[in-house]
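Some notes on the structure that comes next.
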Amino acid sequence: MSSRLALFGGEPVRRDPFPPYLTIGEEEKRAVLEVLDSGVLSSFVGSNDPAFYGGPRVRALEADWAAYFGARHAVTFNSATSALVAAVGALEIGPGDEVICSPYTMSASATCVLAYNAIPVFADIEDETFGLDPGAVASRITPRTRALVVVHLFGHPARLDPLLALARRHDLRVIEDAAQAPGATYRGRFAGTFGDIGVFSLNCHKTIQTGEGGVAVTDDDELALRLRLIRNHGEAVVDGGMAVPNLANVIGWNLRMTEIEAAIGAAQLRKLEALTKPRIELAEYLTGRLRSLPGIRPPAVAADSRHVYYVYAVRLDEATIGIPRDRLADALAAEGIRFYRGYMKPLYLQPLYQQRVVYGARGCPFTCGHYQGEVSYAPGICPVAERLYERELLFTDLCRPPLTVGDIDSIARAFEKILDHAHELRA
Ligand SMILES: *Cc1c(COP(=O)(O)O)cnc(C)c1O
């Protein structure tokens, strides 16, 4: 190993690029060709007709997904963003309502609330699970609170028991954003199947993918119907007789998945476990290598949880290592090891929330007459999320097949080398 940091002109720990994550194989190709040969690329219709439920591949993927995750219903969408929007709509959330969200997540985990003119209220997260902190959630509950959006970030389940208990006590509905966590479990059951509705993503960055796509699961028959109405022109379909007790939020869009994505999705679902196990093995190996390094905190895994490592996130204790996080990230990059800094800027600090411009230019839904609350998006409202974003968190996607233990060794060696030279980076 070179004794000089690559940042200062030394030989990097690694010159070879890491192999890409490729999961599309013969199974997916064959499935897509069958769809093309059939000539039926989608067969949804937006009316009260059997084809309201989609074509054979869409329905097959939904049956497979529901069976795999142990849910009564699975409803496919063209994205998880669409599935989250439909979930908020299905729960009849609307103007004047508040929904408690995590600030440290992909934007759609909170914009789904704005989509129905309701108000996202951000509660802080825990710095080990990265999920909503039950104490912080409790402090945000008001008479207007209707639901929680619980995110299973990076593939680790949020602490569901206390969150679900809070929801029960205050009569709140629960949406799980399990976009990053298919296959994660909490007390032996799949994350995404605890709330009223759980949402998974099949976008191209996720563990299994269809390019774009999403799936919502629920055990509730009426919620499943409402999800399907919002997916597919509910306003027209209810006129044809598909009755729901309440028309709230039944305006439907076209959020439908095509037969091609559904065919790919069924093949990908069959690979989920085979793609997840090596992620966990590589992650556990990397954790074993990093654990003894001072100031580096590898991901914690709660005793009752299965972490599926959508990404591998480490926290830095700056006071111990004495190097700013961004300096360490620069040094890792120079050694040939790609770690990203901070993940998401806490959502409430982003322009949409700071300027409160959503629908039109007159401040709706925040200034809408139905809203009686006073939500705050001030800096400092979620100190853990801000600290992770600004100073502590580094994450990488270099923790998945076809990487080998040898590849992971190069990551660990880069950390070791940099910490050996920490004094040079402090200067
Ligand atoms: C990817 C992701 C989404 C959105 O998924 P799309 O399928 O791209 O719409 C939502 N929430 C989280 C936490 C995600 O990581």
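Just follow the structure's listing: the first ligand is 1, and inside any ligand the first atom is 1.
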Item to complete: Could you tell me whether R140 sits above the aromatic face of F122, with NZ or CZ closer than 6.0 angstrom to the six-membered ring centre and within 45 degrees of the axis?
Response: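 Not satisfied by the 6.0 Å and 45° rule.
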Worksheet item: Taking the six-membered ring of F366 as reference, does the NZ or CZ atom of R356 fall below 6.0 Å from its centre and within a 45° cone about the axis?
Response: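 Satisfied, under 6.0 Å and within 45°.
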Worksheet item: For residues T276 and Y309, is any side-chain donor paired with an opposing acceptor at under 3.5 Å?
Response: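 Per modelled atom types, T276 and Y309 side chains form no pair under 3.5 Å.
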Discussion item. Under a 3.5 Å threshold, yes or no: a donor from one side chain and an acceptor from the other, between Q350 and Y377?
Written reply: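 Result is no, nothing qualifies.
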Worksheet entry | Counterpart residues, ring pair (Phe, Tyr, Trp, His ring centres under 6.0 Å), relative to H156 (two or more places apart) |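 In terms of ring pair (Phe, Tyr, Trp, His ring centres under 6.0 Å), with neighbours along the sequence ignored, H156 is linked to H307.
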Ligand 1: protein N/O within less than 3.5 Å of ligand N/O:
residue: ligand 1; atom: 5 (O); partner: S201; partner atom: OG; Å: 3.3
residue: ligand 1; atom: 7 (O); partner: A80; partner atom: N; Å: 2.9
residue: ligand 1; atom: 7 (O); partner: S201; partner atom: OG; Å: 2.8
residue: ligand 1; atom: 8 (O); partner: N203; partner atom: ND2; Å: 2.8
residue: ligand 1; atom: 9 (O); partner: A80; partner atom: N; Å: 3.3
residue: ligand 1; atom: 9 (O); partner: T81; partner atom: N; Å: 2.8
residue: ligand 1; atom: 9 (O); partner: T81; partner atom: OG1; Å: 2.5
residue: ligand 1; atom: 11 (N); partner: D177; partner atom: OD1; Å: 3.3
residue: ligand 1; atom: 11 (N); partner: D177; partner atom: OD2; Å: 2.7
residue: ligand 1; atom: 15 (O); partner: Q180; partner atom: NE2; Å: 2.8
residue: ligand 1; atom: 15 (O); partner: K206; partner atom: NZ; Å: 3.1

Practice prompt. Would you mind checking if R72 and E62 are paired as a salt bridge, meaning a charged N to carboxylate O distance below 4.0 Å?
Written response: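 No, E62 and R72 are not salt-bridged.
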